[in-house]
Amino acid sequence: MTVKTVAVIGAGVSGLGAIKSCLEEGLEPTCFEKSSDIGGLWRYQETAKHGSPGIYKSLTCNTSKEMTAFSDYPIPDHYPNYMHNSKIMEYLRMYARHFGLRKHIQFLSKVCSVRRRPDFASSGQWDVVVEAEGKQSTYIFDGVMVCSGHYTEKHLPLQDFAGIEKFRGRYTHCSEYRSPENFMGKRVVVIGIGNSGADVAGEISRVAKQVFLSTRRGAWIWSRVWDNGAPMDATLFTRYNRIVKNFSPTFLINRWAENKLNAKFNHVNYGLQPEHRIFSYKTIISDDLPNHIISGRVLVKPNVKEFTETAAIFEDGSEENIDAVVFATGYYTFSFPFLDDDSAILDSQNSMFKCVFPPRLQKPTLAFIGILQPMGAIIPISELQSRWAVRVFKGIKQLPSESNMMAAIIRRKQKIATEFVKSLRGASPVHFIDYMDEIASELGVKPNLLSLLLWDTKLAKEIFYGPCTPYQFRLQGPGKWAGARAAILTQRARILKPLRTRVLKPSGSPASAPLGVKGACATLFLLVLVLVVMQTL
């Protein structure tokens, strides 16, 4: 039988997982990467390159290492819980080396076009045109995995800011920002309060004369460090908490979280509180922003109404002299210049079944990987998508009919519309555990808690009360990994190891458990597990 070939576009975190998934299923992947190295967005470059996204030198991951890892390759236990971009790159290089991925990557190769072949209705094949060393070559592939990410084309809405053409200072998009030295002693406006806006404003404020953080709608600010100093996502993203959330009224969950964040600092007093509820919009994570605001280095302002030659005039009528502007206004989510303008591939609503498959193609041989906005880490989600996609490519897994897929897409969009604030450029938002379980169910790798309760109670308790780490999806089914159980049962030790760099003598008071529910009784555990099973039936 002929081995199926798959084109993987992009060698970032999603692309690496896609290559690995192809190899697991006996497919032959060829990855085309336009730069000279792996890593995608995470690879720091001193100079911003035209048409390529960039990261600033100090960028640190917002998701903790145990929640971020590939499902069969834990991050080294001595690595910090929240990794600097250089550590992320070290991990990606180790992963690529361990599984022999680099030999399947063609670097400095730009994908120019991806088109259905004339016989696509029967073959499902694609013509892929790639430019390398100034020459274009055409390849034929049985499947295509688009892993180019959604931080590709910067959004710079100058038309929304009257007078910007008259402004005599410098303005730039945050994708071009690298370090704060160029803002020494200046008065700077940062427009936008996403994760990058909060980080850049705080970092610049350490050297600038004054920073003004302009926000149109405000934001709820989460912290990486949660109760008892544990990582926030590893504490909150548990199956136990998911059950509590699903059985509780939405307004109560929102109230609890908002009160929790306001207990650290009152968002009204800091000029940050938005009109939307906390779980209705994307998460902003910043440990430092409240400190910069309370020390006066950052002043929160409303949206900029207009610019003059030397100043910014805000919607509240205040005016501030400024020297520079940084637009932290994000990126256009859907930008795939190599795809034909073909409604069968992507319609005007960018409809994809479960955020992966275009529903109108005659053959399911095109998959979008990582093109979504999870409330959590992207690596384990995109890896699950890839594992599912390659089995669909092979014909082992079947997709529903077009009408059923379209119905599912409409239901998802309606649900999103009721839960989330509309964002014109936002990728599809998904709940971390819910979405992974959804894809894992398609793949047949969702952990069976009832079976584990009967045969491995210790593991079942850790899966239920502990952080929902990616290793859970390697316990059973295709791609089962023999090391998954051990990885789950030792995950808390890996969280603690990089923190305990100073060994303390035992004290009289017992240490509190940083994660999960300490000392939960077996009766409660059994009761809640029964609820879980009933919910999944």
Side-chain angles (χ1 to χ4, degrees), residues 62-64 66-67 81-82 193-195 198 215 217-290 293-294 373-377 415-421 423 429-437 461-469 492 495 512-521 524-525 527-529 531-532 534-535:
N62 281 334
T63 56
S64 64
E66 291 303 307
M67 307 298 288
N81 282 286
Y82 290 101
I193 198 174
N195 287 311
T215 172
R217 61 174 45 161
W220 292 102
I221 309 298
W222 293 77
S223 173
R224 293 183 180 92
V225 183
W226 206 247
D227 294 348
N228 300 300
M232 181 267 288
D233 54 354
T235 306
L236 296 182
F237 294 170
T238 70
R239 294 187 178 276
Y240 171 81
N241 286 339
R242 172 175 170 261
I243 293 297
V244 171
K245 177 179 179 294
N246 289 347
F247 278 92
S248 301
T250 301
F251 79 91
L252 283 182
I253 297 297
N254 279 317
R255 182 184 298 174
W256 171 83
E258 290 164 6
N259 289 342
K260 184 80 173 176
L261 297 191
N262 276 330
K264 182 176 181 181
F265 72 92
N266 189 300
H267 284 58
V268 171
N269 295 341
Y270 279 59
L272 289 170
Q273 182 158 318
E275 293 182 4
H276 64 262
R277 302 306 299 268
I278 193 166
F279 291 118
S280 298
Y281 199 61
K282 61 184 179 181
T283 298
I284 307 300
I285 297 177
S286 177
D287 298 279
D288 298 328
L289 184 59
I293 294 173
I294 202 170
Q373 188 70 53
M375 294 183 176
K415 190 171 187 293
I416 289 173
T418 60
E419 290 187 18
F420 297 95
V421 174
S423 175
V430 297
H431 295 290
F432 187 68
I433 298 177
D434 290 349
Y435 183 77
M436 287 203 294
D437 277 353
K461 289 176 68 175
E462 183 61 19
I463 288 175
F464 188 68
Y465 287 123
C468 185
T469 47
R492 302 188 193 221
I495 290 172
S512 59
L515 300 173
V517 177
K518 186 177 179 181
C521 68
L524 175 62
F525 176 60
L527 175 62
V528 180
L529 272 183
L531 289 174
V532 174
M534 291 176 62
Q535 186 191 37

Apply side chain to side chain contact (heavy atoms under 4.5 Å, CB included) to the pair W220 and R277, showing each step before the final yes or no. CA-CA 9 Å; W220 292 102; R277 302 306 299 268; 5.8 Å; no

Pair R242-H431, side chain to side chain contact (heavy atoms under 4.5 Å, CB included): steps then yes or no: CA-CA 10 Å; R242 172 175 170 261; H431 295 290; over 6 Å; no

Candidate pair K260 and D227, rule side chain to side chain contact (heavy atoms under 4.5 Å, CB included), full reasoning: CA-CA 10 Å; K260 184 80 173 176; D227 294 348; 2.8 Å; yes

Carefully, step by step, assess V430 and Q373 under the rule side chain to side chain contact (heavy atoms under 4.5 Å, CB included). CA-CA 6 Å; V430 297; Q373 188 70 53; over 6 Å; no

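Note that CG of L252 is 15.0 Å distant from CZ of F247, once rounded to the nearest 0.5 Å. To the nearest 0.5 Å, the span separating CD on E462 from OG1 on T238 amounts to 10.5 Å. I293 CD1 to L272 CG: the interatomic distance, rounded to the nearest 0.5 Å, is 4.5 Å. Note that OG1 of T235 and CG of N241 are 9.0 Å apart. Values are rounded to the nearest 0.5 Å. The distance from the CE atom of M375 to the CZ atom of F432 is 12.5 Å, given to the nearest 0.5 Å. Taking CG of N62 as the reference point, atom CG of D287 lies at 8.5 Å (rounded to 0.5 Å).
Considering all non-hydrogen atoms of both residues, F279 and W222 come closest at CE2-CZ2, 3.8 Å. When all heavy atoms of P231 and I495 are compared, the closest pair comes out as CD-CG2, 3.8 Å. When all heavy atoms of P274 and G218 are compared, the pair lying nearest together is CB-C, 3.8 Å. Across every non-hydrogen atom of S286 and L289, the tightest pair is OG-N, 3.1 Å. Pairing each heavy atom of T63 with each of G376, the nearest pair is CG2-C, 3.7 Å.
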Atom pairs and distances, side-chain donor-acceptor, residues 261-269, under 3.5 Å, sequence neighbours left out:
residue, atom, partner, partner atom, Å
N262, OD1, H267, N, 2.9
N262, OD1, H267, ND1, 2.9
N262, ND2, E258, O, 3.4
K264, NZ, S223, OG, 3.4
N266, OD1, V268, N, 2.8
N266, OD1, N269, N, 3.2
H267, ND1, F265, O, 3.2
H267, NE2, I221, N, 3.1

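For D288, the salt bridge (Lys or Arg N to Asp or Glu O under 4.0 Å) criterion is met by no residue, not counting sequence neighbours.
Formation of a donor-acceptor pair under 3.5 Å by the T469 side chain with backbone atoms of M67 is not found in this model. N259 places a side-chain N or O within 3.5 Å of a backbone atom of R255 that can act as its donor or acceptor partner. Side chain of Y82 to backbone of R224: a donor-acceptor contact under 3.5 angstrom is found. Judged by distance alone, the side chain of S248 and the main-chain N or O of K245 form no donor-acceptor pair under 3.5 Å.
Side chains of D233 and S64: a donor on one and an acceptor on the other come within 3.5 Å.
The environment of CD1 in I416 is crowded: more than 12 heavy-atom neighbours from other residues, nucleotides or ligands sit within 6.0 Å.
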